[in-house]
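Right, one structure below, let's go through it.
Each residue takes its place number in the sequence, starting with 1.
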Amino acid sequence: MAKFRNRAFAALVSLAAVLFTAAPSSALAASSGVALQRAPVNLQDAVSLQRGAHLFVNYCMGCHSANYMRFNRLTDLGLTEEQIKEYLLFATDKVGSPMTIAMRPADAKEWMGKAPPDMTVIARSKRPDYIYTLLKSYYVDESRALGWNNLAYPNIGMPHPLWQLQGAAQLKVEEKQSHGHAVQVKSIAPGEPGLLNAVEYDRAVGDLVNYLVYMGEPWKVQSSRVGIVVMFFLAILLVFVYLLKLEFWRDIKH
Ligand code: HEC
């Protein structure tokens with residue numbers, strides 16, 4: 001018995017090892033070849049979604065709209081209308097209005113080369129892991145007009161939107177040997193610190209991406225709640241059906 005258990009355990013460990021080592025290599029960003037990091041998406045975590053909404057309004061809505069998302073939907077996340085008004089709205093917005101911005105796309109294009117896309121469904125079109133990696137891959141690059149470059153999207157038109165939080169990360173280039181060839185491996189190294197340390201910054205970016213995922217499919221929060229109610233209902237129904245079955249068979253047996 002003990003032997004069997006040991007063997008089963010060993011099999012589980014090797015399966016886990018295969019899964020863990022296979023995951024990062026299969027997740028490469030299409031354009032830049034940088035390995036994607038996994039975004040900690042959890043739509044049940046209302047506090048994370050609230051923090052993400054706050055970051056989105058403060059750091060992204062200067063340029064990006066979310067035209068198909070209304071501020072009052074944020075009550076789904078447990079925020080009251082007062083909190084939305086106090087922490088998230090600009091003076092001119094009403095609680096029921098969509099998350100639009102004042103910048104004209106044509107102006108944005110002139111300033112940054114490209115118009116910032118609407119963010120309502122960005123997590124569905126660009127995938128959460130990519131956006132998470134993108135926001136962690138900025139580095140200082142004096143040769144660029146805006147002073148920033150990005151490993152996940154080289155020469156991106158968007159300047160680092162969270163530089164105050166992350167600080168000014170630097171590019172690190174190492175020479176490594178691979179199959180007898182010298183290859184350059186690029187990574188991000190900490191530079192001048194920002195308001196958050198590395199762990200806090202990762203969490204902030206995680207909350208923000210979590211919110212972007214929520215914004216693309218807000219009904220998911222609701223539908224998983226409905227799912228739980230349905231399962232509960234089915235469980236109770238099962239008890240009654242079983243009792244009914246006993247009742248029917250009692251008459252037949254006697
Ligand atoms: C200063 C204006 C500005 C701010 C602030 C800003 N962005 Fe952007 N963003 C842009 C522009 C411009 C583009 C288009 C860049 C390009 O394709 O070269 C863009 C593109 C993007 C993209 C698409 C990248 C791709 O691969 O096509 C994502 C995702 C994104 N922004 C997320 C964010 C998030 C999240 C925030 C808030 C933390 C934010 N942006 C804040 C200007 C901005």
Side-chain angles (χ1 to χ4, degrees), residues 27-37 39 52-67 69 90 92 99-176 183-198 200-209 211-213 215-216:
L28 290 178
S31 54
S32 59
V34 91
L36 292 189
Q37 301 173 44
H54 200 243
L55 288 166
F56 178 72
V57 170
N58 283 292
Y59 291 97
C60 315
M61 274 185 73
C63 301
H64 293 277
S65 57
N67 286 336
M69 179 76 191
F90 301 109
T92 50
M99 299 173 105
T100 49
I101 55 166
M103 191 190 292
R104 294 189 331 171
D107 291 338
K109 203 165 172 197
E110 203 180 309
W111 296 330
M112 294 173 283
K114 264 193 176 172
D118 185 84
M119 289 271 121
T120 321
V121 294
I122 194 82
R124 275 200 272 165
S125 61
K126 293 284 175 182
R127 309 312 306 158
D129 290 355
Y130 166 71
I131 302 175
Y132 183 72
T133 310
L134 181 75
L135 293 171
K136 289 177 60 180
S137 300
Y138 271 99
Y139 61 89
V140 174
D141 181 352
E142 302 300 348
S143 73
R144 302 277 309 152
L146 297 164
W148 295 100
N149 211 328
N150 194 297
L151 272 185
Y153 182 164
N155 301 334
I156 188 168
M158 166 166 75
H160 190 351
L162 300 171
W163 67 271
Q164 287 144 302
L165 303 183
Q166 189 189 19
Q170 304 289 327
L171 179 68
K172 191 165 112 190
V173 184
E174 288 165 297
E175 292 259 323
K176 284 202 177 142
V183 284
Q184 280 194 343
V185 179
K186 295 180 179 173
S187 60
I188 298 295
E192 208 174 294
L195 292 172
L196 303 181
N197 66 33
E200 291 166 337
Y201 181 71
D202 284 2
R203 199 182 59 187
V205 174
D207 292 340
L208 184 55
V209 173
Y211 175 72
L212 294 178
V213 172
M215 203 158 51

Can you tell me how far the CG atom of Leu134 sits from the OH atom of Tyr132, to the nearest 0.5 Å?
-> 13.0 Å
Distance, nearest 0.5 Å, that separates CE of Met69 from OH of Tyr211 = 4.0 Å
Excluding sequence neighbours, so at least two apart, what forms salt bridge (Lys or Arg N to Asp or Glu O under 4.0 Å) with Asp118?
-> none
Measure the spacing between CE of Met119 and CE of Met99 and express it to the nearest 0.5 Å.
-> 12.0 Å
Counterpart residues, side-chain hydrogen bond (donor to acceptor under 3.5 Å, both in side chains), relative to His64 (two or more places apart) | none
Minimal non-hydrogen separation, Ala115 against Ala108, with atom names = CA-CB, 4.4 Å
State, with a plain yes or no, whether a side-chain heavy atom of Tyr59 is found less than 4.5 Å away from one of Leu208.
-> no
Mind listing the closest non-hydrogen atom pair of Gln37 and Thr133 along with its distance?
-> N-OG1, 2.8 Å
Do Ser65 and Met103 come close enough that some side-chain heavy atom pair is under 4.5 Å?
-> no
What's the shortest heavy-atom distance between Pro116 and Met112, and which atoms?
-> CG-CE, 4.1 Å
Measure the spacing between CG of Leu146 and CE of Met158 and express it to the nearest 0.5 Å.
-> 11.0 Å
Shortest non-hydrogen contact from Val140 toward Ala168 = CG2-CB, 3.6 Å
Taking only residues two or more places apart in sequence, or in another chain, which ones meet Asn150 in a side-chain hydrogen bond (donor to acceptor under 3.5 Å, both in side chains)?
-> none
For residues Ala39 and Pro128, report the shortest heavy-atom separation together with the two atoms involved.
-> CB-O, 3.8 Å
Who are the side-chain hydrogen bond (donor to acceptor under 3.5 Å, both in side chains) partners of Lys172, not counting sequence neighbours?
-> none
Heavy atoms of other groups near Glu110 CD, more than 12 under 6.0 Å = no
Taking all atoms of both residues into account, what is the closest heavy-atom pair of Ser137 and Ala152, and its distance?
-> CB-N, 3.8 Å
Separation between CG of Leu135 and SG of Cys60, rounded to the nearest 0.5 Å | 7.5 Å
So how far is it from Leu36 CG to Ile131 CD1, rounded to the nearest 0.5 Å?
-> 11.0 Å
Passing candidate, side chain to side chain contact (heavy atoms under 4.5 Å, CB included) with Val205, options Val209, Asp202, Asp207 = Val209
What pairs meet the salt bridge (charged side-chain N to carboxylate O under 4.0 Å, His left out) rule with one or both residues in residues 139-160, with sequence neighbours excluded?
-> none
Which pairs of donor and acceptor atoms, one on a side chain in residues 183-196, lie under 3.5 Å apart (sequence neighbours left out)?
none

Side chain proximity check, Pro161 to Tyr138, heavy atoms < 4.5 angstrom = yes
